[in-house]
Number of protein chains: 2
Amino acid sequence: MPPAKKPAARPYHHGDLRRAVLTAALDVIAVDGPAALSLRDLARRAGVSHAAPAHHFKDRTGLLTAIAAEGFGLLAATLADASDLKDAGVRYVRFAREHPAHFQVMFTPQLLRADDLELATARALAADALRTAVSAVRPDDLGIDARLAGVAAWSLAHGFATLLLGHNLDGPVGDKDPEEVFRTLAAMLFRTGGKPDGPRS
Amino acid sequence: MPPAKKPAARPYHHGDLRRAVLTAALDVIAVDGPAALSLRDLARRAGVSHAAPAHHFKDRTGLLTAIAAEGFGLLAATLADASDLKDAGVRYVRFAREHPAHFQVMFTPQLLRADDLELATARALAADALRTAVSAVRPDDLGIDARLAGVAAWSLAHGFATLLLGHNLDGPVGDKDPEEVFRTLAAMLFRTGGKPDGPRS
DNA sequence: AGGCAATCTAGGCAATGACAAGTTTGGCTT
DNA sequence: AAGCCAAACTTGTCATTGCCTAGATTGCCT
């Protein structure tokens, strides 16, 4: 018998337990929210002992903090190649839909270790990307300063994404493509026509 | 001696345990989030046995559902006497700041019993109030239909409120009055001058 | 005064997070 | 190539919690 037949007979070392736990956690959170997360359950899913995850994340808060940091990294990358502020908003909404678990955890500070270095770094990265997108707005476009334009755009995108994920827009938006709807909203905020809309006085 | 000297010698019946538990729960949630909520802890705070709260709320989800329902009721009342859509937005933000615990729970569906009747009723009430405010907008004001205007206003207000509560605007907004800042944002969305801003082409 | 239902207490069970030792293993040094 | 070390993982344990069941107390209504 070939001893090299290293079967699924769970080797002592999982190989990539950290990623496995993260992925499983994202699944759970996307469906049932962060409150439903159980380290022991994640350990079972990964086929390891109940205390194994703690070695990678220290504790529950550590796991959630790692998820948030990953999320801010992904968001920063997504926003990095936005063409303008409106595009950044569209990307923001898309990110929330494609990574609902990350998004939820990123903006629930109570669940995170605020002083975590990785988290702070990733968050700063995302903030920079947002600032860059904001700076592309012509300041005289609306007679307002860029900082407020950024807050407005962020609020609109964040609110839309949040309400969308919470199924609060199922009625009004219905089966329409959310990104397209958001484009219309963004066009309302920044007058620059975004949708071939009706009569412009 | 007046026998009415009802001392703090904990009477068998609390008197208003339901309200006491709700209030304590709101305190905890406002500080540490819904995840930190413990029925046994609330019972201790109220000075009753560990299973007493369950009689009023059935279980943890029941308590949170009651909070959400109460929140939607309060929000509906707040929005009811809004003068216009922008005012409704300002009131929405104010509500979130004055009732952060309610607000947080209301928009975390994973924590709630979706089929609860009281919750559905209160939510419908709030939705009606919002619809009323939206209907006050002149449809031709922006060349867009009222439904989208409502979604835009709601998204902006909800996003701003959410980011505010999560301390994500501490930098940009600083120590400025949040309501005043929001008024400016709303003015950007609905061109009708809210702030003595620049030239209107 | 009697009785009833709501309110609250007491006890118990399974599950969880966190901690403390031990065990196995891959890889690096010598 | 032998040995060793630190990381990865396991096993065991404890306090806490949610929730269930059964029983005690009390206000209220007739």
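Every value quoted in this text rests on a predicted model; they were computed, and no experiment measured them. Below, chain A is the first sequence line, B the second, and so on; all start at residue 1.
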Here's a test of your reading of the structure: between A:R40 and A:H56, which maps to the more 5' nucleotide of DNA chain D?
A:H56

Nearest to side-chain heavy atoms of B:L39, which nucleotide of D:dG18, C:dT9, C:dA18
D:dG18

Separation of C:dT16 P from A:L37 CG (nearest whole Å)
11 Å

Just the rounded figure in Å: distance from P of C:dG17 to CG of A:L111.
13 Å

Is there a side-chain contact (heavy atoms from CB on, under 4.5 Å) between A:V28 and A:R45? Walk through the geometry before answering.
CA-CA 11 Å; A:V28 172; A:R45 293 184 185 223; 3.5 Å; yes

Would you mind pulling out the nucleotide paired to D:dT30, Watson-Crick or G-U wobble, both distances under 3.5 Å?
C:dA1

Any side-chain N or O of B:S38 below 4.0 angstrom from OP1/OP2 of D:dT16?
no

Does A:H50 have a side-chain nitrogen or oxygen under 4.0 Å from the phosphate oxygens OP1 or OP2 of C:dA15?
no

Report yes if a side-chain nitrogen or oxygen of A:R44 is closer than 4.0 Å to either non-bridging phosphate oxygen (OP1 or OP2) of C:dA15; otherwise report no.
no

Would you say that more than 12 heavy atoms from the other residues, nucleotides or ligands in this model lie under 6.0 Å from the NZ of A:K176, or not?
yes

In this structure, how many angstroms lie between the P atom of C:dA6 and the CZ atom of B:F57, rounded?
17 Å

From D:dT10, C:dC8, D:dG18, pick the nucleotide closest to the side chain of B:L17?
C:dC8

If you assign B:H55 and A:D41 each to the DNA chain C nucleotide with the nearest heavy atom, which residue ends up on the more 5' nucleotide?
B:H55

Round to the nearest Å and state the distance from B:L42 atom CG to C:dC8 atom C1'.
16 Å

Can you confirm whether more than 12 heavy atoms, excluding those of B:E118, are under 6.0 Å from its CD atom?
no

Taking A:A68's backbone N and O only, do any of them form a donor-acceptor pair with A:R123's side chain (distance below 3.5 Å, no angle check)?
no

Please figure out whether B:S49 or A:K58 has its closest DNA chain C nucleotide nearer the 5' end.
B:S49

Output the rounded distance in Å from CZ (B:R18) to C1' (C:dT7).
14 Å

Report the distance from atom CZ of B:R60 to atom P of D:dC19, rounded to the nearest whole Å.
8 Å

Whole angstrom value for the distance that separates P of C:dA18 from CG of A:L64
10 Å

Whether A:S38 side chain and A:D41 backbone form a donor-acceptor pair below 3.5 Å
yes

